[in-house]
> 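Take a look at the following structure, please.
Quick caveat: nothing in here was measured; it's all calculated off a predicted structure. To find a chain, count down the sequence lines: A is the first, B the second, and so on, and within it residues start at 1.
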Protein chains: 2
Amino acid sequence: MTRRVTIADIAAAAGVSKGAVSYALNGRPGVSAATRAKILAIAAEMGFVPNRAARSLSVSSAQAVGIALRRSARTLGIEPYFMELISGIEATLSAGSFGLTLQIVDTVEEELEVYRRWWAERRVDGVLMCDVGTEDRRLDFVADLGLPAVAVGGPIEGARLPAVWHDDAEPCREILGYLHALGHRRIARVAGFAHLLHTGIRDNAYAETAAGLGLESMETFHSDYTGEQGARITRRLLSSAGRPTAVIYDNDVMAVAGLGVAHELGIDVPGRLSIVAWDDSPLCRLTHPALTSLTRDISAYGSQCAEALLSVIGAEPDADRTFSVQCLPAQLSPRASTGPARA
Amino acid sequence: MTRRVTIADIAAAAGVSKGAVSYALNGRPGVSAATRAKILAIAAEMGFVPNRAARSLSVSSAQAVGIALRRSARTLGIEPYFMELISGIEATLSAGSFGLTLQIVDTVEEELEVYRRWWAERRVDGVLMCDVGTEDRRLDFVADLGLPAVAVGGPIEGARLPAVWHDDAEPCREILGYLHALGHRRIARVAGFAHLLHTGIRDNAYAETAAGLGLESMETFHSDYTGEQGARITRRLLSSAGRPTAVIYDNDVMAVAGLGVAHELGIDVPGRLSIVAWDDSPLCRLTHPALTSLTRDISAYGSQCAEALLSVIGAEPDADRTFSVQCLPAQLSPRASTGPARA
DNA sequence: GAACTCGGCTGAACCGGTTCACCGCCGCCG
DNA sequence: CGGCGGCGGTGAACCGGTTCAGCCGAGTTC
């Protein structure tokens, strides 16, 4: 285990000062082309890698961003969404040689505390916040802290920080239009957490569109995104009088669970029940019948979030942080789980 | 955005030297109880949080561990395994106030490079290595580097680093014994990557047990863990003459895909086909019929891996790093997807 | 030829902790 | 009363980078 190579070693080997080495390695003016080339060559030869802590201490930046996820291990594990998002984020970050620090928390208080600590320690240069809620304490908290942050979701009214989002209303209209065209008039929806921003946006969009189309019924049931709750709600829905002919799920996991319940009750899909899933993970193509679902490129979404965060981090501290990035809306991918409503 | 509080500020406020503050905050001898209490009170009042970079620079430790995952975004997203593992790791790490740095890579070369860089930069104090292979270059690489590491999987012969693992052979025997008791004689298995260590261990265990039980056939097909391949292999299996009466899958995703194919082909489960999944995620309970699967506490497994790594990090550099931790083997959870073989 | 500019480089301060050598003081012992 | 040991604390060096004031010498200007 040989000692690490430092810029002092390089300086000694090249016969110059530490300062010159620093300028050369960082591509700044202050050294001639010849000296720069010599220093770079020596550095490469000695296998120099700068010490992150030393650099951070000087420039007061961590070259890392953080994500605190407030979801149970079970939800996290089974929802493909987060891993895909993270992998997109990661791709952009590592291209900019930023690291990703991950923490899983239980409560909002804990999450706020993590942000506070990360920022005070300068462990991260910024954070991405998922699961934006309608009344989200975190938004003001990080803004007050001065911690660069980007909200993964939106749009957020009166936001003091950037949001990266896609229009959730448009896909709602697309789904209902599609189901309506197939003759469905009694539609139910198994939604996610009621307090999440995008859930509210979808709630409204469905309600308005349903009214416009003159649907017989369009009820929404909020859940926690788990398969268990998805199954329970579906079971209740399908056992009721005047049961819906189509059910829309706010994530893929619940849709799969719903399909399982339909099988269990001997209800043919799509013969007597159509199923639509929001968020098209590979999971939706594994079932039989394959699930009609809303496709969006979550990984690309993650990349855009990371890009937005990097731009905030790179910007002046007092720069405008209220911009928002709108991504492409999700697109309907019709598959075998939807069909005409039985007369 | 007020300036950060440093120990110099505290020292000034308390009328002592920086050194005294450091001793007081770190609970070391060198200051009297009274002074210590005063310093701690002032630190708390001023909201002091130590700068991570400065501490790292001094003590030459990052207070963070890294994981580089070499799986495609799609596999990562859909396999609950990794997120559960990570959440277990996280729980132990944050209890020890260590951070977790995550990176997703494409190739082994890239992964090795990440380890090299992380260690050279002192960005992490150690790493966890998943997906241990039979011939794994990474093991020697990190050992040569001197980078503290723990292999998530094993046992590894002639290992130069600790491994945390569970016996994969025992569950194999349990599954085959169970299926055999149900009358199954033609069993197939859809396995994971052939180059992974645990795949090989299972391969052998199945082969030996099958021979012992005198099964008619026990074929293994290797795959990449994705639902697509699981489905494709299952389709081929079920269309063949002398098709198996039971199929064992090496992960839950492929098992779900296999169940979908059975539905598609109109083959009743468990009437004409029994299905067993390795790794019991909530996914296995969402399908209909629910999948018989091998349950293990992946989150707890992650915790044990993290603990092992922390102990290696805390140990002397020349301490013995070849210990291995054996966890509880997975347990069979029979559900509705398995039943007696049709005569 | 004196004054002035400017590129190239040096030396030292600095970031915010940790650590170590050392010092003053008090009590105790012979 | 002199010497000794140990407690409580100080001051400075140190970790490995970045950055800035300033210096030197060559070229330009008048």
> Going by heavy atoms in the side chains, are A:L100 and B:Q103 under 4.5 Å from each other?
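Of all side-chain heavy-atom pairs linking B:Q103 with A:L100, none is under 4.5 Å.
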> Please check if any side-chain donor atom of B:R55 sits under 3.5 Å from a side-chain acceptor atom of B:N26, or the reverse.
yes
> Looking at the side chain of A:S58, which of C:dG8, C:dT10, C:dC15 is the nearest nucleotide?
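Taking heavy atoms from C-beta onward, the closest nucleotide is C:dC15.
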> Taking all heavy atoms of A:A163 and all of A:I156, pick out the closest pair and write down the distance.
CB-CD1, 4.1 Å
> B:V16 has a side chain; which of C:dT10, D:dG17, D:dT10 sits nearest to it?
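Of the candidates, D:dT10 comes closest.
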> Using atom CD1 of A:I7 as one end and atom P of C:dC15 as the other, report the distance to the nearest whole Å.
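In whole Å, C:dC15 P and A:I7 CD1 are 17 Å from each other.
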> Return the nearest nucleotide to the side chain of B:P50; candidates are C:dG17, C:dT19, D:dG17.
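Selected nucleotide: C:dG17.
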> What is the distance, rounded to the nearest whole Å, between atom CZ of A:R122 and atom P of C:dG17?
11 Å
> For a quick check of understanding: with a heavy-atom distance under 4.0 Å over all strands, which category does A:T35 fall into, base, sugar-phosphate or nothing?
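Touches sugar-phosphate only.
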> For D:dG9 and B:S32 - does any side-chain N or O of the residue sit under 4.0 Å from the phosphate oxygens OP1/OP2?
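Checking B:S32 against D:dG9: at least one side-chain N or O falls below 4.0 Å of OP1 or OP2.
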> Using atom CZ of A:R28 as one end and atom C1' of D:dT19 as the other, report the distance to the nearest whole Å.
8 Å
> Round to the nearest Å and state the distance from B:Q63 atom CD to C:dG16 atom C1'.
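After rounding, the reported distance stands at 16 Å.
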> Using whole Å, what does the distance between atom C1' of nucleotide D:dG17 and atom CD1 of A:I39 come to?
15 Å
> Can you tell which of D:dT10, C:dT18, D:dT18 lies closest to the side chain of A:V59?
D:dT18
> Of the nucleotides D:dT19, C:dT19, D:dG16, which has the atom closest to the B:S22 side chain?
C:dT19
> In whole angstrom, give the distance that lies between atom CD of B:E121 and atom P of D:dC15.
20 Å
> Rounded to whole angstrom units, what separation is found between the CG atom of B:D9 and the P atom of C:dG16?
8 Å
> Centre of A:W119's six-membered ring, under 6.0 Å away, within 45 degrees of the axis: is that where NZ or CZ of A:R122 sits?
yes
> Do A:K18 side-chain and D:dG16 base share a donor-acceptor contact under 3.5 Å?
no
> Which of these nucleotides, D:dT18, D:dT19, C:dT18, is closest to any side-chain atom of A:N26?
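Nearest to the side-chain atoms of A:N26, counting from C-beta on, is D:dT18.
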> Of all the choices, C:dT10, D:dG17, D:dG11, which nucleotide is nearest to the side chain of A:N51 once you look at every atom?
D:dG17
> D:dT18 phosphate, OP1 or OP2: any side-chain N/O from A:R55 under 4.0 angstrom?
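For D:dT18, OP1 or OP2 has a side-chain N or O of A:R55 closer than 4.0 Å.
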> Are any of the side-chain nitrogens in A:D140 or A:R160 under 4.0 Å away from the carboxylate oxygens of its partner?
yes
> Reckon B:R52 touches a base, only the sugar-phosphate, or nothing at all at heavy-atom distances under 4.0 Å?
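Nothing, no nucleic acid heavy atom in range.
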> Should the pair A:R70-A:E109 be classified as a salt bridge under the 4.0 Å nitrogen-to-oxygen rule?
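A salt bridge is absent here (no side-chain N lies under 4.0 Å from a carboxylate O).
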> Taking donor-acceptor contacts at under 3.5 Å, does the side chain of B:Y23 reach the base of D:dC7?
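No, the side chain and the base share no sub-3.5 Å donor-acceptor pair.
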> Would you indicate which nucleotide in C:dC9, D:dC15, C:dG17 comes nearest to any side-chain atom of B:L57?
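Side chain of B:L57 sits closest to D:dC15.
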